[in-house]
Structure formats: structure tokens, C-alpha cells
2 protein chains.
Amino acid sequence: MATRAEIIEAAWEQVRASGLAALSLRDLARSVGMQPPSLYSYFDSKNDIYDAMYAQGAQQFLDEQRAATVATDDPLTALKAITHFFVEFCAADVARYQLLFQRTIPGFEPSPASFKISQDSLAELATLLARCGVSDPAMVDLCTAIGTGLADQQLSNDPGGDRWIRLIDDAVEMFYAHITSKVDKPKRRRRAR
Amino acid sequence: MATRAEIIEAAWEQVRASGLAALSLRDLARSVGMQPPSLYSYFDSKNDIYDAMYAQGAQQFLDEQRAATVATDDPLTALKAITHFFVEFCAADVARYQLLFQRTIPGFEPSPASFKISQDSLAELATLLARCGVSDPAMVDLCTAIGTGLADQQLSNDPGGDRWIRLIDDAVEMFYAHITSKVDKPKRRRRAR
DNA sequence: CGCAAACTCCTAACTATGTTAGGAGAACCT
DNA sequence: AGGTTCTCCTAACATAGTTAGGAGTTTGCG
């Protein structure tokens, strides 16, 4: 009766309710009407379940990132759209955020296949940013830092609220003003001694 | 032979080596020359050990934050000092960062006494920021988001390196330009419909 | 069809975990 | 000196992930 997809869906529910690290194979098995060892017909180990969840989350990220891309010539509008997508994607599911973006499960790291999905997302993000005039790698890093910072604070200190989400537009305007001013007056930093 | 302090120190070593969530009472006991149940003479539970570590980490944060405060009239210099302290404090110890700033251990949350230390730190931080001209709560939130974003990216994607640490000055200048420009031309946002 | 391989699910059991029970011996305090 | 408390032990328990091994069903192919 239970398929891989059903098990993963049940795992998401459990993880959203009790926390990512609190996933229990016994509870998971019962919730799909199985005995615990029967899960091993579908997955090699608990970490293999995490890996399947990781792959699914990364794919959602990739799909939704593409869907969130707006067709506009205004870099600021595009940047805001990207940042909104990112922060709200993270805020929508703490457990998914922890799984994808934090390394919190002791023995777990994504398989190469799953990790590749994440890397593809990152590559597309870099392309999007470049199209907005953000091509300096340092500015890409700064931009991702702003995004993760907003997401992290939102999840840590106001889960379910919008205390940091409502700062997104302001933050992006700040960042955009910064990179455009840099183009005008470059080489402000002094040479190393 | 072993005291509370020795046990906590050994716990930090184990946690730094194997990850925060991988702390094992058996390994911990052996590393201080005890049998596992003997730890219960010093701590009520594993989470009680985490709590003691949390308190110690929060105290370190408070102390080092005070030490990092520079006596200067220049808000930008002061802001840079604060941000440098914060990001480098986080980057210095992943496990400590996870314990203090992320909620990753399933059943753990800090005791009121331990949490108070964190709140005191935050209150002092707010005072410091206010002295730099950052008094709007939204701008305080934006500032902390930038700090945690830099720290989070540094730890997640370049642990031990300086890929985001070296962006700190630039990020603070960006933020400072943002808040000063807001003072000059306020009320840029249009009224809600 | 017939038969073997593969799949799905089970019970029983192994190892490791945090934790409790209960007791022996040392240290401390009137 | 005598009782209390502290420190540490062994034995044991519940729960976790996992493995072994075997039923019953499904599937693939001659």
C-alpha cells in the first residue's frame, strides 16, 4: 500500500510537527501502516530517507525559483522578486530549510545526485543575479548573505510572522544602491601594504 | 577528580570534533574517566549539559561583546567593530553557534537563567546600535539580519575561511549609507491604499 | 502456463543510546 | 563519633536504528 512517495510525505509531516532531527523510523513506519524494518525495502537507511527529502526539497527550490523569475527589464524589481522568493521559500518550512541549508543532522550529507540539484539552483541564481548587474562574485556573496540573514532571523525569532519578511524590499533597495554606487566610483579601497 | 567545569570542557571538545548533536554521554563519561551514569551526579540530563554549555557560550558572547566595544565617536567605525565581533565570534566555533543561535537539538531549549544571559546581550547590542544612530527597530532587525547572514554563509559554505568575513566592512558601509540616506529623505514610502 | 527471481512485509534479535535504581565508600558537618 | 551528603559504581530498562531470515505475493520470461 505504501510507496516511496507516501513514506516521504509522511516523513515531511512528522518532521514539520516534531523537528527535523526528531524523525523516528518507528513512528514513521506506524504512520504508513508498516513495521519499522519494512521501511528498509524502500530506503537503505534513515539518512537515505533524509537524502530523498533533500532531493525533493532541492527540486522544489529549483522549480519555484524558475517560477518566481519575472520578465522585467528593471534590475531592482527582478532582485526583489528573487529575494522574496528565497526568503519566503525558507520561511515556509523550517524543517526543509534546516535540511537544505544547515548541516544539523549528525551523519547526514546529501548524495552527489541530490547535491547536484542544489548546485544547479545556485548556478541559475548566479545567472539571474548577473542579469541584474550583480556579477562581481563578492557582491553575489553579499547578496546571498542578505537573503540567508533575513531568512535565518525570520525563522529563529519570528516563525510564522513577517518581522523580517517585511524588510525584504528595503534590504534589496539598500543592496542595489550599494552596487550601483560602486560602479560610479570604483577602486575606493586602498592597496594592501 | 572530574568537576562540572571539566565535564563541560570535555563536552565542548567532543562537540567541536563530532558536531553538536553527536554528543554522546558514554563517550563524554569515558573522556573524563567516569562511567556514564556518574555524570548524573553533576547534571540532571543530557539537555542539562547542553544548557550549561549554552550558559557558558552566552556568557562568552556577553563578555567578548563588551570587550569588542570601541571608544569612538565615529558611528561607522563602531558599527564595523560590532559586526566584526559578531561574525567572527560565530565563525570561531560552529558548534557554539548552533547551540546559541539555531534551534537544532530536538528537545532542548535553554533554561530561563541561561536565556536571560542571551537577552542581556541582545539588550546591550540594541544600546550599542542606538549609540550608532540605529534606533529604528526595523533597522536594528535589518542590521542583525546582515550580521547573521554573513555568519551563516561563512559557516555553511566556507568554514575556516574568510570568504564572507572579508565582506564585513563593505556590508557595514552599505548598511550605514542606507540608514543615513533614510534620515536625509524620509517618508519615501507611499501610504497604504 | 510454470517456475524462478524479485519484491514486500513480517517477527526476532542485535547494538547503541539516554536514563533510573540502588548501593558502596569517601567527605563533610555538627 | 555519627549521620548526612556527595561521588561514583554496577545492573538494568526503554527506546533508537539496523540486520537476519523467512513467509507470501508479484513479476518476468521460457
Side-chain angles (χ1 to χ4, degrees), chain A residues 1-56 95 98-99 102-111 114, chain B residues 1-56 95 98-99 102-111 114:
Chain A
M1 187 58 54
T3 87
R4 255 182 88 100
E6 290 177 74
I7 295 173
I8 293 182
E9 188 46 45
W12 278 118
E13 281 170 28
Q14 190 177 319
V15 134
R16 277 190 276 259
S18 319
L20 181 66
L23 179 65
S24 152
L25 292 196
R26 281 172 158 82
D27 291 350
L28 178 57
R30 299 282 152 66
S31 77
V32 296
M34 280 182 172
Q35 293 298 319
S38 300
L39 295 175
Y40 287 77
S41 296
Y42 298 92
F43 300 94
D44 289 342
S45 67
K46 185 178 183 177
N47 278 351
D48 194 28
I49 298 180
Y50 279 130
D51 189 58
M53 297 169 79
Y54 182 99
Q56 192 179 88
Q98 290 183 336
L99 182 61
Q102 299 184 330
R103 207 48 46 90
T104 177
I105 305 294
F108 171 72
E109 59 178 335
S111 63
S114 301
Chain B
M1 187 59 54
T3 87
R4 254 181 90 99
E6 289 177 74
I7 295 173
I8 293 182
E9 187 46 45
W12 278 117
E13 281 169 29
Q14 190 178 319
V15 135
R16 277 190 276 259
S18 319
L20 181 66
L23 179 64
S24 153
L25 292 196
R26 279 173 159 81
D27 290 350
L28 178 57
R30 296 284 151 66
S31 76
V32 297
M34 279 183 173
Q35 293 298 320
S38 301
L39 295 175
Y40 287 76
S41 297
Y42 298 92
F43 301 94
D44 288 343
S45 68
K46 185 178 182 178
N47 279 351
D48 194 27
I49 298 181
Y50 279 130
D51 188 58
M53 298 168 79
Y54 182 99
Q56 191 178 88
Q98 290 183 337
L99 182 61
Q102 300 183 330
R103 208 47 45 89
T104 178
I105 306 294
F108 171 71
E109 60 179 333
S111 64
S114 302

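The sequence lines fix the lettering, A, B, ..., with proteins before strands; numbering per chain opens at 1.
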Supply the atom-to-atom distance [X] [atom1] to [Y] [atom2], rounded to the nearest 0.5 angstrom.
{"X": "L20(B)", "Y": "R103(A)", "atom1": "CG", "atom2": "CZ", "answer": "15.0 Å"}
{"X": "D51(B)", "Y": "D44(B)", "atom1": "CG", "atom2": "CG", "answer": "10.0 Å"}
{"X": "E6(B)", "Y": "E9(B)", "atom1": "CD", "atom2": "CD", "answer": "10.0 Å"}

Specify the separation, in whole Å, of atom [atom1] of [X] and atom [atom2] of [N].
{"X": "D44(A)", "N": "dC7(C)", "atom1": "CG", "atom2": "P", "result": "13 Å"}
{"X": "Q35(B)", "N": "dT17(C)", "atom1": "CD", "atom2": "P", "result": "13 Å"}
{"X": "R4(B)", "N": "dC8(D)", "atom1": "CZ", "atom2": "C1'", "result": "17 Å"}
{"X": "M34(B)", "N": "dC6(D)", "atom1": "CE", "atom2": "P", "result": "15 Å"}
{"X": "N47(B)", "N": "dG18(C)", "atom1": "CG", "atom2": "C1'", "result": "10 Å"}
{"X": "F43(A)", "N": "dT18(D)", "atom1": "CZ", "atom2": "P", "result": "13 Å"}

**Request:** Please state whether the phosphate of dC9(C), meaning OP1 or OP2, lies under 4.0 angstrom from any side-chain nitrogen or oxygen of Y42(A).
**Result:** yes
**Prompt:** For dT7(D), does OP1 or OP2 lie under 4.0 Å from any side-chain N or O of S38(B)?
**Reply:**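 Looking at the OP1 and OP2 atoms of dT7(D), neither is under 4.0 Å from any side-chain N or O of S38(B).
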For residues 23-33 of chain A, tabulate all N or O donor-acceptor pairs below 3.5 Å that involve a side-chain atom, not counting sequence neighbours.
residue : atom : partner : partner atom : Å
S24(A)  : OG   : R26(A)  : N            : 3.3
S24(A)  : OG   : D27(A)  : N            : 3.1
R30(A)  : NH2  : Q35(A)  : OE1          : 3.4
S31(A)  : OG   : L28(A)  : O            : 2.8

**Message:** Using C1' atoms of five pairs at each end, report the bend of the helix from dC1(C)-dG30(D) to dT30(C)-dA1(D) rounded to 10 degrees.
**Reply:**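 It works out to 10° between the end axes.
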**Request:** Apply side chain to side chain contact (heavy atoms under 4.5 Å, CB included) to A22(B) and list each qualifying residue two or more places apart in sequence or on a separate chain.
**Result:** P106(A), S18(B)
**Asked** Using a heavy-atom distance cut-off of less than 4.0 Å, which residues of residues 20-29 of chain B contact DNA chain C?
**Response**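 Close to the strand are L23(B), S24(B), L25(B), R26(B).
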Is any side-chain heavy atom of [Y] closer than 4.5 Å to one of [X]?
{"X": "M53(B)", "Y": "V15(B)", "answer": "yes"}
{"X": "Q56(B)", "Y": "S114(B)", "answer": "no"}
{"X": "F43(A)", "Y": "I8(A)", "answer": "yes"}

**Item:** Donor-acceptor contact present, side-chain Y54(A) to main-chain S111(A), <3.5 Å
**Value:** no
**Message:** Starting the side chain at C-beta, find the nucleotide from dT19(D), dC9(D), dG18(C) nearest to Y40(A).
**Reply:**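 Closest of the options to the side chain of Y40(A): dT19(D).
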What protein N or O atoms touch nucleotides 4-6 of chain C N or O atoms at under 3.5 angstrom, if any, and at what distances?
none

**Asked** Excluding sequence neighbours, so at least two apart, what forms side chain to side chain donor-acceptor pair (under 3.5 Å) with S45(B)?
**Response** none
**Asked** Taking all non-hydrogen atoms of both residues, which atom of A11(B) and which atom of I49(B) are closest, and how far apart?
**Response** CB-CG2, 4.4 Å
